[in-house]
Amino acid sequence: MNKFFNKNIVCFFLLLISTITFAQKIKKSTNKLFEEAMEFAEYANYNEAIYNFKQILSIDSMHIDALYNMGLCYLNTSNGADTAVICFKDGLSKLTESENRGYVGNELRLSLAEAHQVMLEPNKAISLYNEIINSSSELDSLTRLYISKEISVCNNASFFIQNPIEIEIINLGSNINSIYDDHSPLVAVDEKELIFTSRRKWIKLPLLEDGQFAEKIYSVSLDKNNWESAKLLSMFFKHYEHESAASISPDGRKIVLFRNDEHGKSLYWSKYDGTEWTHPEKFPEPINSHYEETHGSLSSDMNSFYFTSDRPNGYGGLDIYVCNRLESGGWSEPRNLGPQINSEYDEETPQIHYDGKTLYFSSEGHNSMGKLDVFYSEKQDDEEWSIPVNMGYPINTPDDDFFFTPTINKSRAYYASSRFSDNYGGSDIYVVKFKHNSNTELAVVEGVIDSSLGEDYSKTRVLVTRTEDNKLIGEYRPDEEDGKYMLFLEVGDQYSITEENNSEEITKYINATEELSYMKTKHSVPFVDIAMAAPLKRELEPMIIPTPIIDELEIIDHKTLPLAESYSKQQNKPIIVDNSNVSETEKIKSSEEVNGYTIQVYALKLKRIKDFSLFASKGIKNVKEHNCNDGYTRYTIGHFTTLSETKAMKNKLLKSGYFTDLWVRPNKDVYSLRVTK
């Protein structure tokens, strides 16, 4: 009996030792796998990390750390948020009651809420955030602040998801996109070539820890019916560090690059000389610094450079700054764009539009749906920026959204995203088409400095002034090698274009009619084809107005009917202004105090219209004759309070087909020319 008992005792201890040894081997094995998985995750190689976590869970299904971190990895992949939800819920179900109410449970619920946000389920996320606040009395102040911000972000997301913008999003296909990250799409104004950044495999590039290759710059020629395969721009391939394209000039001849160098993250530029891109040169101080500069965009006149930096004294994280070109050719001290644009969070990827006043950028602040959203803001006449406008869903989501590049008409854009079901892997490049049309139409004018001004183009400037209010709207710099320049002019205005150096200047004029709109022509217009004499000096022959006009016109008094309402009620019928019931005293107090605008119909040299019944018979009232001291007789219609109202009426009159040449003029200009009796 004792022998038997002793034998069983020995067997029991042998079994116990064997079990402990086996458990130790399992623990050692899972520990090694866990360390490897966390290292993969640290380098953003999420697929390899997930593989290791799955192995751990196949051995030990109760390994909460593996389950939690696998969920985080899925949350960082393109379409893994739904699987992340499963991981976090499974983790919560395996916790004890005390663990569920403690730190581990809160961390799992916070991550589960984030997964619901990415899955466009903001209300579920809000419920989880409130559950954490109500069930835990031990939350630190930073966690409470984070939850408060995320609830606000969820409310933003809920609004935008319920009110989506109408767009068409088209994947540019496998000739451009790869199984790796493809982003930062750039096009010049003619959209003949796409330049972008990719982390795809290339024969000379080593595989990095995150399972992708170093960022390099590629290009592809765009054809109306076909996409060619993308090619590496090998002239930028000088080292194995990340190198990406940030922005491109409107003419496609200058590119801004981002590089890692001895000072960290810095900005460079390169120029296309007609054959190849030049060796990149680093932007000087004060643009680059010993801090991080990650993205930059040149304005169309080459005089302003918008860039991001985390240098001290900003508003938090990366801020957007601007430097202006000096007469010497250098750059001014950076100016922070201020709290209207910059927030306590990161602002990234600024792109200044061709119009010189619309800035697109990404931000984690403002009314973001979560992480980085795409916004735009417009520069006002006082140089301040308007409140940023969120581009809305589905451009923006609760995930990171950036690398948004608008085209000239703002109704099309290029965009990088990893969220759509048709992606090839990582982020892909898409073209976005908005259903609405842009309110801004631009004419693109190409010129070259007049040869009589010499060939030292570094000292030459092109000044663009709007003639109706004599406002300088642009100071362009020509290319220093060939004197070429490109202007972007709002359609519907007249401009004086002055080419000047230190001692001489040449001035010509342009009428940027609707026919010159780039949206209609799809090409730029040579300056020589549309340059004309000054609008105040040229002679206009009287226009023959078609006789069957009276039956088609309705008289609208803009003093009694709002302009927008009159348009909708007339349903595109021609509108002729009549404010003849307004007394002369109300219209004009004195020639020195004339405010508002008018529409000039004719300017006749040494001629006058003898019979005003021509206008009356056509239903046109309130035509004024101005005998001017420069020898011209001018005829105007209407008196308007605002410039926008005047332009709208002018465009309406032009579309009626009864006028082919109209000029918006400040009343003070017209009355300053009148011959005083």
Side-chain angles (χ1 to χ4, degrees), residues 27 30-31 33-155 157 317 345-346 364 368-372 397-400:
K27 187 175 182 180
T30 55
N31 283 348
L33 284 169
F34 188 80
E35 289 176 5
E36 290 177 353
M38 293 302 289
E39 187 173 355
F40 282 130
E42 184 179 351
Y43 287 107
N45 192 343
Y46 300 115
N47 291 328
E48 289 295 331
I50 289 170
Y51 177 77
N52 272 26
F53 287 132
K54 283 182 176 180
Q55 284 187 292
I56 295 170
L57 292 167
S58 69
I59 299 170
D60 179 9
S61 62
M62 296 298 291
H63 201 302
I64 302 299
D65 284 340
L67 198 55
Y68 171 65
N69 284 284
M70 185 169 74
L72 292 180
C73 288
Y74 272 115
L75 196 53
N76 280 283
T77 58
S78 299
N79 298 297
D82 52 349
T83 308
V85 168
I86 295 172
C87 294
F88 299 140
K89 285 184 175 180
D90 192 18
L92 283 167
S93 70
K94 290 180 166 64
L95 296 180
T96 65
E97 186 176 345
S98 61
E99 287 174 334
N100 208 306
R101 291 197 306 268
Y103 174 80
V104 177
N106 283 339
E107 286 299 307
L108 279 164
R109 272 189 287 274
L110 284 172
S111 298
L112 179 58
E114 183 181 352
H116 280 303
Q117 286 178 253
V118 174
M119 292 180 66
L120 304 179
E121 298 172 335
N123 292 332
K124 289 184 178 180
I126 290 174
S127 296
L128 281 163
Y129 288 131
N130 286 328
E131 181 184 331
I132 296 169
I133 292 174
N134 296 331
S135 64
S136 178
S137 59
E138 299 180 1
L139 288 178
D140 60 84
S141 58
L142 287 178
T143 303
R144 289 184 179 276
L145 185 63
Y146 168 79
I147 291 175
S148 176
K149 177 181 183 294
E150 289 307 303
I151 289 176
S152 175
V153 161
C154 286
N155 287 324
Y345 306 101
D346 281 339
E364 293 184 51
S368 165
M369 291 178 65
K371 298 186 179 179
L372 288 168
T397 69
D399 211 340
D400 279 328

Full working for side chain to side chain contact (heavy atoms under 4.5 Å, CB included) between Y345 and S368: CA-CA 11 Å; Y345 306 101; S368 165; over 6 Å; no

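In this structure, CG in L145 is found 10.5 Å from CD in E150, a value given to the nearest 0.5 Å. We find the CG-CG distance between L33 and D60 to be 11.5 Å, quoted to the nearest 0.5 Å. Atom CG of residue N69 and atom NE2 of residue H63 lie 9.5 Å apart, to the nearest 0.5 angstrom. Distance CG/L108 to CG/L67: 7.5 Å, rounded to 0.5 Å. Distance CG/L112 to CD/Q117: 10.5 Å, rounded to 0.5 Å. From T77, atom OG1 reaches atom CG of L72 across 11.0 Å, with rounding to the nearest 0.5 Å.
Within 6.0 Å of the OH atom in Y103, the count of heavy atoms belonging to other residues, nucleotides or ligands does not exceed 12.
Under the side chain to side chain donor-acceptor pair (under 3.5 Å) criterion, T143 pairs with D140, sequence neighbours left out. Evaluation of the salt bridge (charged side-chain N to carboxylate O under 4.0 Å, His left out) rule for D90 yields K94 as partners, not counting sequence neighbours. Listed by chain and number, the residues in a side chain to side chain donor-acceptor pair (under 3.5 Å) with N100 are R109 (sequence neighbours excluded). Applying the salt bridge (charged side-chain N to carboxylate O under 4.0 Å, His left out) rule to D399 yields the partners K371; only residues at least two apart in sequence or on another chain are considered. The salt bridge (charged side-chain N to carboxylate O under 4.0 Å, His left out) check on E121 picks up K124, with sequence neighbours excluded.
Across all their heavy atoms, A115 and L75 have their closest contact at CA-CD1, 3.6 Å. The two residues M369 and V153 make their nearest non-hydrogen contact at O-CG1, 3.0 Å. A41 and A49 get closest at one heavy-atom pair: N-CB, 3.9 Å. Scanning both residues, L372 and D400, for their nearest heavy atoms gives N-OD1, 3.0 Å.
Sorted by first and then second residue, the side-chain hydrogen bond (donor to acceptor under 3.5 Å, both in side chains) pairs with a member in residues 38-54 read E36-N52, K54-Y74; sequence neighbours excluded.
By the 30° and 60° cut-offs, the orientation of the rings of Y68 relative to F88 is tilted.
Between P398 and L120, some side-chain heavy-atom pair lies under the 4.5 Å cut-off. Using a 4.5 Å heavy-atom cutoff, the side chains of F53 and M38 are in contact. The side-chain heavy atoms of N155 and I126, taken from C-beta on, include a pair separated by under 4.5 Å. Side-chain contact between Y129 and C154 is present, with at least one heavy-atom pair separated by less than 4.5 Å.
Checked by atom type and distance alone, the side chain of S111 pairs as donor or acceptor with a backbone atom of E107 at under 3.5 Å. Counting only distance, with no hydrogens or angles, the side chain of S152 and the backbone of S148 share no donor-acceptor pair below 3.5 Å.
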